[in-house]
Amino acid sequence: MLKATLRSFLAHKGRLALSALAVILSVAFVAGSLIFSDTVARTFDRLFASTSADLSVGPKDDLDESVPTGRTPTVPADLAERVAKVEGVAATHVDATVENITVVDRDNDPVGPTTGAPTVAGNWYETERSPVEITSGRAPRAAGEAMIDADTADKKDVEIGDTLKILAAPGSFETRVVGIVTFTTTNPGAALVFLDTPTAQTKLLGGANRATSISVDAAPGVSDTELKRRVAADLGNRYDLETADEQAESAASELGGFLDVIKYVMLGFAGVAVLVGIFLIVNTFSMLIAQRTRELGLLRALGADRRQVRRSVLIEAVLLGVVGSTLGLAAGIGLAAGLIELMGLFGMNLKSTEMVIAWPTPVASYVVGVGVTFLAAYLPARRAAQVSPMAALADAEIAGVGRPLRVRAIVGSVVAAGGAAALVGCATSSDTSTSASLLGLGVVLSLLATVIAGPLLVRPVIRVLGGAFPAVYGSVGRMSQRNALRNPRRTGATAAALMVGLALVGGLSVASASMTKSFDDQIDKTLGADFVVQNNAFMPFPTEVTKKVEATDGTGLVVRSRFTPMKLRMPDGKTVETTAAGFGDQLDEVVKTTYAQGSSARALAPDRLAMDWGYAKDHDVRVGSVLPVEFPGERKVELTVAALTDNEGPEGPGMQGGLFMGLGTLEKYVPDGQDSAVYVNTAPGTDAEALRDRLDTALDPYPQVQVRDQADYKKLIREQIAVMLYLVYALLGLAIVIAVLGVVNTLALSVVERTREIGLLRAIGLARRQLRRMIRLESVVIAVFGAVLGLALGLVWGVSMHQVLELQGLKAFAVPWSTLVAVVIGSVVVGIVAALLPALRASRMNVLEAIAHE
């Protein structure tokens, strides 16, 4: 049996190759994501471990600034002298490092990464732990001098002697490049600018006695933990103390969020490849077993029992899985190397020679590859074991033709009922987390139900989809339609591979279209200003930008806005941490706000606060409630709720509750922040477009900010939502590639299965061109069938997703009909492309050999 199994596997290796591609793709994405994330994590672990001080003394700030505020927490610089006197301290260094800056050259072009990595400016001092070394020029010694990293200098054509302008929170200033530094470790992608310490303190932090932290070196024989204990005993709990290991762990956790995004995206591709690949493998093994019915019957007649036959098929599946996993692991290594090179284009210079292939990677690869093929082949293997020895004497097959579908109907109905109940629960739930959970359950169950019951839908749907074929193409069209109807199980499984990808696209396209329309409606409803001056990434900007706006000729009303994190203790006993906004007076002139109680005048009064009425209701807050509030820097005050808003729009991340207050109140307790937006109205008698041109000119030296009107704002939102759609379309592309492989595989094996039939058709006059057309039409109707099922399922998912979005304030609903129509047309193209090779092969058959085929 083992010899027979190996010979059978080698005999069908060409037919199994397409199935192996699905395994290879699945494993490649799994292995590539694990290798890449492990490589990045290991590289940065070494970077953090080698550059962290023995102890860092920083400001104590427990609030998480999920929305950037522009403030830079500091400690007194003279704290370094006090810490230096602690026993066990060898040396201390003042750190003055910020990331909330922009650096431009003489042409006002940004000098720094444009890929999301920060531009970091700080003070220079000699230390063994520095990640860079001076390779050209010298260190800055006085105000007006700076060094820049070599990678940024090369990319931006910056040389020693060039003048740069640094746009920092306290104000802008010019500096001359006197030196170039080169990374001795991995370049994390940031741009580095170094100043002398007094200049960094004054120009970056706004005070000569300010520091972002104090780096402490331990004396020989003193451990980091012991050093921390001694410094803490002297300073008390006023500051945040971190050892080198704790600093590395903290930095790694921040990096972890970035790595998780990449890992989950790639694992999403792997998941789609696995899911679609399962259908392909099931179909392939089912057809191969059907074609080997007489062979299996002969084995049974020679004495092989059911278990041996089943084991034989499963061994073939395992061999396929091992081969696919091995090739997939190799492809995953190549994919990881490609990602490393890609990150180099974005400024993160990783080394392929330091690629990390930890033991979990090959284990996961083989578990996925072998596991998928084994599970997918199990049902066909059971079916193979049911072959009777008498099948060796008959021209029979066991592919399921004509077998009743009652079991599928019952199971599919039960699963569909469960999925429908979950989706109905999602639509009726008022809790976001519950609704989202029910949505996930409903998506899984409805997908399973469609896969299970798919063959039941083949005959009624394909009769409709292919109904015009006989009238248009005559007997060729009638035969193509009947070929698709001949085996509902096979047709359903083939179409299911395409259905999965299109259902995903349909659902997320509806969700994204609804999100876009909701944001458009919200902008139309709430934005009353003529223009908004804002950073492209919603980052804060220096106060001088606001002053430039106010000084521009034709500017009328200007209303400033900024954010702050805060912690509140609610009347229901819960402590919540969120982000609040601060607005200048005359807010109603630039933002249209609906109030359930109170008004903007009350909300913006000193020591007053406004809150969304639904959020207030959840926490037993009423107008007049006095809430204990903690601002950054452990400033604790009490604010009175003076107004409750009734806005239907979505809240930003980290901004639950819709809290806002007067800018005077915010600046009173958080004086060191920066503006995040400036709302501008045109002065009477001034043309809006003329003002825009003047604002653009006035803000030309500040490339980090843009002037936007309503149309620009909508475009920005659409671009951000489009990023999600690009990922969806990439998943669709992967699903279509594997689905095409599935259709090709099915048609190719079907052509082999119908060799004698094709020979007879050719013998009675069917032309080669007609034969190719028949196979193409069969392929198209299968692909369109999968598209119709997928889009119908996707629409149901999209409606359910909208119910979840509605709980977050995104109430508008939209269906992107143009996208859905394009998908259907694309499925026709997919069907045509998938049929090219099988149709060509069928048309080239020798008629006499085909008729004599066994």
Could you tell me whether the side chain of [X] and the main chain of [Y] form a donor-acceptor pair under 3.5 Å?
X	Y	value
T119	A191	no
D149	V181	no
E242	S56	no
R694	D553	yes
S136	I180	no
Q710	L527	yes
T184	P131	yes
R230	E87	yes
R138	G179	no
R210	T74	no

Run the side chain to side chain contact (heavy atoms under 4.5 Å, CB included) check on I35 and L335 step by step: do they pass? CA-CA 9 Å; I35 293 171; L335 181 61; over 6 Å; no

Do other residues, nucleotides or ligands put more than 12 heavy atoms under 6.0 Å from the [atom1] atom of [X]?
X	atom1	value
R129	CZ	yes
D585	CG	no
E226	CD	yes
R141	CZ	no
K228	NZ	yes

Gap between atom [atom2] of [Y] and atom [atom1] of [X] - 0.5 Å precision:
X	Y	atom1	atom2	value
D95	T197	CG	OG1	8.5 Å
L241	L227	CG	CG	9.0 Å
N123	T97	CG	OG1	5.5 Å
D151	L192	CG	CG	9.0 Å
Q704	T102	CD	OG1	3.5 Å
L339	T39	CG	OG1	10.0 Å

Less than 4.0 Å between a side-chain N and a carboxylate O, is that true for [Y] and [X]?
X	Y	value
K156	D109	no
K547	E550	no
D675	R562	yes
E544	K548	no

I want to check something: taking the side chain as every heavy atom from C-beta on, are [X] and [Y] in contact at a cut-off of under 4.5 Å?
X	Y	value
T564	R71	no
F194	V132	yes
V158	T152	no
V75	V57	no
K668	M661	no
Y239	I214	no
V705	V678	no
T546	F541	yes

Mind running side chain to side chain contact (heavy atoms under 4.5 Å, CB included) on D709 and D712 for me, showing each step along the way? CA-CA 5 Å; D709 57 15; D712 297 324; 2.9 Å; yes

Where do V94 and A80 come nearest, in terms of heavy atoms and distance? CG2-CB, 3.9 Å

Taking all non-hydrogen atoms of both residues, which atom of A336 and which atom of G32 are closest, and how far apart? CB-O, 3.8 Å

Pair N237, K60 - check side chain to side chain contact (heavy atoms under 4.5 Å, CB included), show working. CA-CA 8 Å; N237 62 354; K60 192 168 186 178; 4.0 Å; yes

Can you classify the ring geometry of Y679 versus F583 as parallel (below 30°), tilted (30 to 60°) or perpendicular (above 60°)? tilted

Which residue pairs satisfy the ring pair (Phe, Tyr, Trp, His ring centres under 6.0 Å) criterion with at least one member in residues 71-109, sequence neighbours excluded? H93-Y125

Walk me through it: do L55 and D224 pass the test side chain to side chain contact (heavy atoms under 4.5 Å, CB included)? CA-CA 7 Å; L55 183 68; D224 293 356; over 6 Å; no

